[in-house]
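What follows is a set of notes on a single structure, which appears directly below.
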Amino acid sequence: MLIYDRVVPLNRHTHRRLRLRTATHNARFAAQLNSVPLTTVEFPHAASEYTIVFARLENGDFLPAVVVGLRNQHNLYVDENSRWKRGYVPAFLRQYPFMLAEDRDSGTLTVCVDMAYDGLSEEDGDLLFKEDGEDSENLARAMGFLSDFHNEFKRTAAFTARLKELDLLEQRVIRFGGEGEQRELGGVYVVSEERLLKLGDAVIPDLLRSGALGLIYTHLVSMQNLERLSALEQEDTAKAAAAAAPSAATANGSAG
């Protein structure tokens with residue numbers, strides 16, 4: 001569930017007085033992510049800032065994601081004020097605190113909300129439902145966004161299924177840090193250019209017409225952004241060390 005903690009179906013009776021504080025929307029819920037799921041329609045927007053990789057799910061399928069941190073439970077794009085620092089914000093995060101849950105058997109979609117989000121209350125913010133129980137304009141827009149995101153997620157699943165079918169994904173270890181302090185981030189997959197170039201002549205035109213080939217090369221080009229991520233990690237480490245220095249000095253002074 002990643003960013004979701006206490007998800008319940010949104011109910012126009014139970015949640016009649018529920019409000020969402022959109023003006024104070026924060027990214028605290030994403031502060032411990034080091035990767036964020038991505039849909040294929042977002043590739044061009046995300047590739048200018050992030051490294052796009054693929055994560056392997058428990059069922060063996062793959063999911064595109066942008067890397068936003070080089071350590072577990074540490075997002076380099078959420079600042080000390082719980083705001084997204086810069087760059088494109090993935091749709092997976094923008095849908096929060098809502099989500100669509102799909103029944104595997106019937107295919108029925110249910111709008112859900114994470115009641116653990118600190119931007120929800122019954123005291124202040126924008127009402128989710130009107131006095132007559134109908135959806136507010138804000139909720140209607142959110143539901144439209146959820147529907148679009150769900151459809152794009154389906155298209156993305158078809159794209160990654162094709163990559164899996166063609167055996168184009170290989171596991172990669174991301175190494176970062178300087179000499180003597182080099183660390184690794186594992187569990188990510190990337191498209192193998194070697195395997196891609198070995199595909200038969202009948203396959204490449206199909207990938208080109210479907211748009212998959214363009215997505216593949218957008219992903220490969222985005223790998224260059226690892227240097228930017230490494231620089232952000234170094235800046236973050238230096239800032240943490242600078243913040244800790246006065247505390248250490250005070251402690252030493254007290255001891256003396």
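Without hydrogens or angle criteria, Asn34 side chain to Gln73 main chain gives no donor-acceptor distance under 3.5 Å. Although no hydrogens or angles enter the test, the distance criterion places no donor-acceptor pair under 3.5 Å between the side chain of Asn81 and the main chain of Arg83. Panel note: side chain Thr51, backbone Leu226; a donor-acceptor pair is recorded below 3.5 Å. At distances below 3.5 Å, not a single donor-acceptor pair connects side-chain atoms of Thr108 with backbone N or O atoms of Asp103. Asn75 contributes a side-chain N or O that, together with a main-chain N or O of Ala30, makes up a donor-acceptor pair within less than 3.5 Å. In this structure a side-chain-to-backbone donor-acceptor pair under 3.5 Å is missing from Arg12 to Phe129. When atom types are taken as modelled, the side chain of Thr237 and the backbone of Glu233 share a donor-acceptor pair closer than 3.5 angstrom.
Within 6.0 Å of the CE atom in Met143, the count of heavy atoms belonging to other residues, nucleotides or ligands does not exceed 12. Heavy atoms of other residues, nucleotides or ligands lying less than 6.0 angstrom from NZ of Lys85 number more than 12. More than 12 heavy atoms of other shown residues, nucleotides or ligands fall within 6.0 angstrom of atom CD in Glu165. Environment of CD in Glu102: crowded, with over 12 heavy atoms of neighbouring residues, nucleotides or ligands closer than 6.0 Å.
Counting heavy atoms from C-beta outward, Asp114 and Arg6 have side chains that approach closer than 4.5 Å. In this structure the side chain of Val173 never reaches within 4.5 angstrom of the side chain of Leu185, judged on heavy atoms. Inter-residue side-chain proximity for Val8 and Val113 is flagged as met; some heavy-atom pair is nearer than 4.5 Å. Counting heavy atoms from C-beta on, the side chains of Leu93 and Leu33 come closer than 4.5 Å. Annotation: side chain of Asp236 is in contact with side chain of Arg71 (closest heavy-atom distance under 4.5 Å).
Between Arg21 and Asp118 there is no salt bridge, since no side-chain nitrogen of the basic residue lies less than 4.0 Å from a carboxylate oxygen of the acidic one. Ion pairing between Lys198 and Glu194 holds under the 4.0 Å rule for side-chain N and carboxylate O. A salt bridge links Glu131 with Arg17: the closest approach of a Lys/Arg side-chain nitrogen to an acidic carboxylate oxygen falls below 4.0 angstrom.
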Which side-chain N or O atoms in residues 54-65 pair as donor and acceptor under 3.5 Å with protein atoms at least two apart or in another chain?
{"residue": "Asn59", "atom": "OD1", "partner": "Asp61", "partner atom": "N", "Å": "2.9"}
{"residue": "Asn59", "atom": "ND2", "partner": "Asp61", "partner atom": "OD2", "Å": "3.2"}

Can you give me every donor-acceptor pair (side chain of residues 201-217, partner residue at least two apart or in another chain, under 3.5 Å) with its distance?
{"residue": "Asp206", "atom": "OD2", "partner": "Arg162", "partner atom": "NH2", "Å": "3.2"}
{"residue": "Ser210", "atom": "OG", "partner": "Asp206", "partner atom": "O", "Å": "3.1"}
{"residue": "Ser210", "atom": "OG", "partner": "Leu207", "partner atom": "O", "Å": "3.1"}
{"residue": "Ser210", "atom": "OG", "partner": "Ala212", "partner atom": "N", "Å": "3.3"}

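Taking the six-membered ring where tryptophan is involved, the planes of Phe149 and Phe153 are tilted, since the angle between them lies from 30° to 60°.
Placement of Leu2 and Phe29 within a single hydrophobic cluster is found when ILVMFWY residues are connected by side-chain heavy-atom separations under 4.5 Å, directly or transitively. Two different hydrophobic clusters hold Leu127 and Leu10 under the rule that ILVMFWY side chains link at heavy-atom gaps under 4.5 Å. Two different hydrophobic clusters hold Leu139 and Phe145 under the rule that ILVMFWY side chains link at heavy-atom gaps under 4.5 Å. Both Leu18 and Val111 are assigned to one and the same hydrophobic cluster, defined by single-linkage of ILVMFWY side chains at heavy-atom distances under 4.5 Å. Leu220 is connected to Phe159 through a chain of hydrophobic side-chain contacts under 4.5 Å among Ile, Leu, Val, Met, Phe, Trp and Tyr, so both are in one cluster.
Within the model, atoms OG of Ser222 and CZ of Arg228 stand 11.0 Å from one another, a figure rounded to the nearest 0.5 Å. With rounding to the nearest 0.5 Å, the separation of CZ in Arg172 from OH in Tyr189 is 12.5 Å. We find the CD1-NE2 distance between Ile52 and His219 to be 8.0 Å, quoted to the nearest 0.5 Å. Between the CG atom of Asn26 and the CH2 atom of Trp84 there is a distance of 12.5 Å, given to the nearest 0.5 Å. Note that CD of Glu227 is 9.0 Å distant from CG of Asn225, once rounded to the nearest 0.5 Å. Remark: Leu38 CG to His45 NE2 distance equals 10.0 Å, nearest 0.5 Å.
Residues passing the side-chain contact (heavy atoms from CB on, under 4.5 Å) test with Thr14, sequence neighbours excluded: Asn11.
For the residue pair Arg155 / Thr40, no side-chain donor-acceptor distance below 3.5 Å is found, with atom types taken as modelled.
Two rings, from Tyr77 and Tyr50, have their centers less than 6.0 Å apart.
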